[in-house]
Protein chains: 2
Amino acid sequence: MARSSQTELAVLGGLSVGPMTGYALRQAIRDVLGHFWRESFGQIYPTLSNLERQGLVTRLGAGRSAPYALTDAGLGRLRGLLAQPVQHLPQRNGLMLRLFFGRQLGAATCRQLVLDARGEAERELVQFVVIRDEIESEVKTEADHPYWLLTISAGEHSARATIAWANQTLVALDRIEGST
Amino acid sequence: MARSSQTELAVLGGLSVGPMTGYALRQAIRDVLGHFWRESFGQIYPTLSNLERQGLVTRLGAGRSAPYALTDAGLGRLRGLLAQPVQHLPQRNGLMLRLFFGRQLGAATCRQLVLDARGEAERELVQFVVIRDEIESEVKTEADHPYWLLTISAGEHSARATIAWANQTLVALDRIEGST
DNA sequence: TGTCTCATGTAATCCGTTACATGATTGG
DNA sequence: CCAATCATGTAACGGATTACATGAGACA
């Protein structure tokens, strides 16, 4: 699966929920998929043009703000892409890199980094509750909702793991600091 | 902090542990930092040449297999880079993207994806124990070790969180499957 | 009228992987 | 002497961000 298909997948998937403009699509990806996905305008618009040329999406009506919608062919392509093996992204974690070379950085600075990471995880956790409530309280319960909640749950598990690790790590850093 | 500095950081950091050839550096990054970092030859060699031109690293001896070593200036630069704010990488999680659009994929296929993810997390967990033992049993206990263990601990927390999430998710998928 | 948000696009640039090319060294 | 590993590099390509450019519509 070529890398480009990853963006195609996100775009087609977004439109499978409902017709949208490119602008709204980008907002939806940022707001709803933001915890595990991101796309920029520079990717979304060329991809949409591309998909339109292939007949996988079409614009509902004319004019600048006409939303894009999936065609039948587009839905087929989406299902094909979803069935492709998951691509393992090159993960790069700047925090871990700094901690690994933490001796050069000093225990005190490492502490601050870990505190920051814990704070961010705590804020995320709050966000997840908000999103979960939004999904569960939507008037029209979409068939997609149960799946969406699975990804929220993953975010919650991940955030809680980060917080637990951070607390342990702060203790460990105290020991390191004390022994120098 | 430019993106390129991220590779510089990893290279300088690697050499802060000890002199190495580019080849060995790549292996070390793959084997030791592999859980949260990756570099390819195409990045490492140009970066090393670059750093040598700037006098931040130097080769010990002549010849093809002469290892690179940090200079004093290089160590300074490393400390400077480490102190820069952590760069938030564009995270893209293909598994989550598929689950989010899981209705199009079908609950059974989603199940398999989650099973695969759990299996991988379990294998990682075993790996972490092996690495932890290696670090703790090294004859010469390096001052870096306590910091290395912090990153192993993060990996363990993350893997355990993935396993717990997967188990919950498998139950949830059964419910979804049952209700269709 | 002016400003904010909506909406679309493009060009420059950077980063990173992959594939290719080359040759030295080591061990069987 | 042959194969595998060590060791270094480069060129092509693709993907992604960023900044720039443009303009419509809403509303105050």
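Keep in mind the model is a prediction, meaning the values are calculated, not measured. Below, chains carry the letters A, B, ... as their sequence lines are ordered, and counting in each starts from 1.
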Would you say [X] places a side-chain N or O within less than 4.0 Å of OP1 or OP2 belonging to [N]?
X	N	answer
Thr7(B)	dG16(C)	yes
Arg59(A)	dA7(C)	no
Ser49(A)	dT8(C)	no
Arg64(A)	dT5(C)	no
Arg92(B)	dG15(D)	no
Ser40(B)	dG16(C)	no

Taking atom CG of Asp72(B) as the centre, does the number of heavy atoms from other residues, nucleotides or ligands within less than 6.0 Å exceed 12?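 No.
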Under a 4.0 Å N-O cut-off, is there an ion pair linking Arg111(B) with Glu177(B)?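 Result for this pair is no, no salt bridge flagged.
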Residues Arg132(B), Glu156(B): salt bridge by 4.0 Å N-O rule: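 Salt bridge: yes.
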Could you tell me how the ring of Phe41(A) sits relative to the ring of Tyr45(A): parallel (under 30°), tilted (30 to 60°) or perpendicular (over 60°)?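 If you compare the ring of Phe41(A) with that of Tyr45(A), the planes turn out parallel.
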Could you tell me how the ring of Phe36(A) sits relative to the ring of Phe100(B): parallel (under 30°), tilted (30 to 60°) or perpendicular (over 60°)?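 Taking Phe100(B) first and then Phe36(A), their aromatic rings sit tilted (interplane angle of 30° to 60°).
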Let me know the distance between [atom1] of [X] and [atom2] of [N], rounded to the nearest Å.
X	N	atom1	atom2	answer
Ile29(B)	dA7(D)	CD1	C1'	15 Å
Gln43(A)	dG14(D)	CD	P	14 Å
Met20(A)	dA7(C)	CE	P	12 Å
Glu39(A)	dT8(C)	CD	C1'	16 Å
Arg26(B)	dT8(D)	CZ	C1'	13 Å
Arg53(B)	dG9(D)	CZ	C1'	13 Å
Arg38(A)	dG15(D)	CZ	C1'	14 Å
Gln87(A)	dG16(C)	CD	C1'	13 Å

Touch check for Gly42(B), heavy atoms < 4.0 angstrom, all strands: base, sugar-phosphate only, or nothing?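 Touches a base.
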Nucleotide nearest [X] when distance is taken to its side chain, options [options]:
X	options	answer
Tyr45(A)	dG16(C), dT8(D), dG9(C)	dG9(C)
Tyr23(B)	dA16(D), dT8(D), dT8(C)	dT8(D)
Thr21(B)	dA7(C), dG16(C), dT8(D)	dT8(D)

Taking for each residue the nucleotide of DNA chain D with the nearest heavy atom, is it Tyr68(B) or Gln27(B) whose nucleotide lies nearer the 5' end?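 Upstream on the strand: Gln27(B).
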